[in-house]
Number of protein chains: 2
Amino acid sequence: MPDITDMTTQLRTTDDPLPSIGPARVVDETVAALRQAILSGDLRPGQKLSVPALALRLGISRSPVREAVLALTAEGLAVESRRRGVVVTELGPKETDAIHEARGPLEGFATRLAAERGPVDLGERLDAILAEQAEAVAAGDEDGYFRTNAAFHRAIAAACDNAEIHRLLLSLEGRMALALRQVAARPGHRESGLEEHRKVVAAIKARDGSGAETAMRAHLAATRQRVVSTLHPDDRMTVGSTSAM
Amino acid sequence: MPDITDMTTQLRTTDDPLPSIGPARVVDETVAALRQAILSGDLRPGQKLSVPALALRLGISRSPVREAVLALTAEGLAVESRRRGVVVTELGPKETDAIHEARGPLEGFATRLAAERGPVDLGERLDAILAEQAEAVAAGDEDGYFRTNAAFHRAIAAACDNAEIHRLLLSLEGRMALALRQVAARPGHRESGLEEHRKVVAAIKARDGSGAETAMRAHLAATRQRVVSTLHPDDRMTVGSTSAM
DNA sequence: TATCTACATTTTACATGTAGATTTGCAAGC
DNA sequence: GCTTGCAAATCTACATGTAAAATGTAGATA
């Protein structure tokens, strides 16, 4: 029997924060559950996503599970190999670096746009997020830092008033989170990150598009450097996707 | 009965460059057929993608059709509304402009990377594509121009040696093509485009990353300008437009 | 021991069944 | 004419059935 980790999360949680009203679909809940399981590490990279096993475990039929698994594949959190099923995405150092490299120009530009034409209260909202982040940093709360970090970047992506850029950044977010899970935290990384976030907000408040882009790219470059340095020497996880993909 | 256009296209199109050999899946062929139908205009924006009707028309069961339709949704060529099915994506002027805006920094950066670290024969390959494009331009062959244009941009996206950027640009390509279908051709647009392409290639051959990025962004900005000018005042479809720009 | 083959098991990919929601057609009412 | 109010038809979302492929495993062979 395949090794499906606990997954005790009941699907019948009935939390429906959907934009449209109506009963939550089983597919959506399954996607959310699987995404959560992957990003939390309950389902590890390389692990097989067996449709029958997951259906059995979740107490639902195979149809919504299959759809959910395919949706995760489209999200980049899983990869498909023909006639051999779907496995959780494995990101090697090369992929991780590529993700960070891709993020730079895209999110840098998004930050410029947010500064130039974002909503008037953007600065305040970002301040609120950073206030929460400051608490997390002071408490050494790694999980809280990640949460507020994601909120910070999402807020900027949403504020750039370009649905396409927003969409692209969302499609990077999952793989980014997957990549970040694989790196060890460096001492002081939270403090540095918060400081860099503050510079971005300062430029946005000044409506300085160019400065905001520069600050964000500096932040992302620093993040990339912190990540690269942790998986740098003689990494365990070889690329792996060269043969399967 | 829903109005499904002809779709006489045989499912054996086999333009799917799959990494693994083996018998083509019905799903893959269906995705290809639907994508083709959407991009060629056989299935028009706003048209409903009825799973039973398509299954009947294609002579297959509903399962692979449903999967294919969901795949197109993930690609951005169709949109889903809860319990009300999937329709072909409608792109208004705002969305079209957003797509072009998003493309700038991303593909500009990809061009820089391609110039700095692309394969040695990249210049020659691009020359070959542009030679073909020159023929199309000389012949006034709009379809040939679009084909070589797509090949040109794809070649650069592939040459940047960053799978993530490549992936993001591919996910833009479909929506880009959909957007371009909606604009009328301006006189001289092919000639201008070819000339701009040549400048990009010149910079790439010189391994001038900064110049290549600048040239590509200039080309994309010009394209955007040509597109925007064709749909400028107020086009019919303004779905989901939230605010002024 | 290592390799090959035959068989059993599992899984994918596609086909089909169906309850309930949604849309449509159509006639009555204003 | 235009709405309103069903009833029929249709479709979505999920459940289940199944052939063929893939995988695992035991026994045979070298």
Side-chain angles (χ1 to χ4, degrees), chain A residues 1-4 7 10-14 16 18-34 43 46-74 78-88 243-245, chain B residues 1-4 7 10-12 14 16 18-34 43 46-74 78-88:
Chain A
M1 185 179 297
D3 173 35
I4 303 297
M7 299 285 291
Q10 283 289 6
L11 272 187
R12 303 248 57 96
T13 46
T14 325
D16 191 19
L18 284 169
S20 169
I21 56 169
R25 295 184 310 175
V26 176
V27 186
D28 298 326
E29 296 177 347
T30 306
V31 169
L34 289 178
L43 290 170
Q47 194 163 345
K48 192 153 183 264
L49 294 174
S50 161
V51 171
L54 287 170
L56 198 68
R57 179 75 58 177
L58 297 171
I60 58 182
S61 80
R62 298 177 328 245
S63 302
V65 174
R66 173 169 247 256
E67 270 185 39
V69 165
L70 291 179
L72 290 171
T73 300
V79 291
E80 194 180 6
S81 53
R82 309 224 351 159
R83 287 256 173 206
R84 285 203 280 168
V86 173
V87 300
V88 178
S243 58
M245 290 183 71
Chain B
M1 185 175 297
D3 172 36
I4 303 298
M7 299 286 291
Q10 284 289 6
L11 275 185
R12 301 241 49 95
T14 324
D16 209 357
L18 283 171
S20 170
I21 57 169
R25 295 183 309 175
V26 177
V27 186
D28 298 325
E29 296 176 348
T30 307
V31 169
L34 290 177
L43 290 170
Q47 193 163 346
K48 193 153 180 257
L49 294 174
S50 161
V51 171
L54 287 170
L56 199 67
R57 182 73 60 178
L58 296 171
I60 57 181
S61 79
R62 298 177 330 246
S63 302
V65 175
R66 172 168 249 254
E67 270 185 38
V69 165
L70 292 179
L72 290 171
T73 300
V79 291
E80 193 180 6
S81 54
R82 305 203 14 138
R83 285 260 173 201
R84 285 203 281 170
V86 173
V87 299
V88 177

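Every value quoted in this text rests on a predicted model; they were computed, and no experiment measured them.
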- Task: Send over the distance from Leu49(B) CG to dT23(C) C1', rounded to a whole Å.
- Result: 17 Å

- Query: CD/Glu67(B) to CZ/Arg62(B) distance, rounded to the nearest 0.5 angstrom?
  - Reply: 13.5 Å

- Note on the structure: Considering only heavy side-chain atoms of Arg83(B), the closest of dA21(C), dT16(D), dA15(C) is dA21(C)

- Step by step, would you call Val65(B) with Arg57(B) a side-chain contact (heavy atoms from CB on, under 4.5 Å)? CA-CA 11 Å; Val65(B) 175; Arg57(B) 182 73 60 178; over 6 Å; no

- Query: Rounding to a whole Å, what distance do you find between Leu58(B):CG and dA15(C):P?
  - Reply: 11 Å

- Do Leu70(A) and Leu70(B) come within less than 4.5 Å of each other through their side chains, counting heavy atoms only? no

- Separation of dT12(D) atom P from Glu80(B) atom CD, nearest Å, is 10 Å

- Step by step, work out the side-chain contact (heavy atoms from CB on, under 4.5 Å) result for Val69(B) and Arg66(B). CA-CA 5 Å; Val69(B) 165; Arg66(B) 172 168 249 254; 5.8 Å; no

- Message: Rounding to an integer number of Å, can you tell me how far Arg25(B) CZ sits from dT11(C) C1'?
- Response: 14 Å

- Note on the structure: Atom CG of Leu56(A) and atom C1' of dA15(D) are separated, to the nearest Å, by 14 Å

- Whole angstrom is fine here: how far is it from CZ in Arg66(A) over to P in dA15(C)? 12 Å

- dA15(D), dA15(C), dC14(D): which one has an atom nearest the side-chain heavy atoms of Ser61(B)? dA15(C)

- Residue among Leu72(B), Ile60(B), Leu54(B) satisfying side-chain contact (heavy atoms from CB on, under 4.5 Å) with Thr30(B): Ile60(B)

- By side-chain contact (heavy atoms from CB on, under 4.5 Å) - contacts of Arg84(A) (at least two apart): Ser81(A)

- Note on the structure: Out of dT12(C), dA13(D), dC14(C), minimum distance to the side chain of Val51(A) belongs to dT12(C)

- Item | Listed partners of Val79(B) passing side-chain contact (heavy atoms from CB on, under 4.5 Å), at least two apart | Val87(B), Thr89(B)

- For Lys48(A) and dA22(D), give me the distance from atom NZ to atom P, rounded to whole Å. 12 Å

- Rounded to whole Å, the CZ-P distance (Arg62(A) to dA15(C)) equals 14 Å

- Message: Let's see if you get this right: which residues in residues 67-74 of chain A place a heavy atom under 4.0 Å from DNA chain D?
- Response: none

- Task: Between Arg84(A) and Pro64(A), name the one whose nearest nucleotide on DNA chain D is closer to the 5' end.
- Result: Pro64(A)

- Message: Should the side chain of Ser63(B) and the base of dA15(C) be counted as holding a donor-acceptor pair, with the cut-off at 3.5 Å?
- Response: yes

- Task: Side chain of Pro52(A) only, please: which of dT12(D), dA15(D), dT11(C) is the nearest?
- Result: dT11(C)

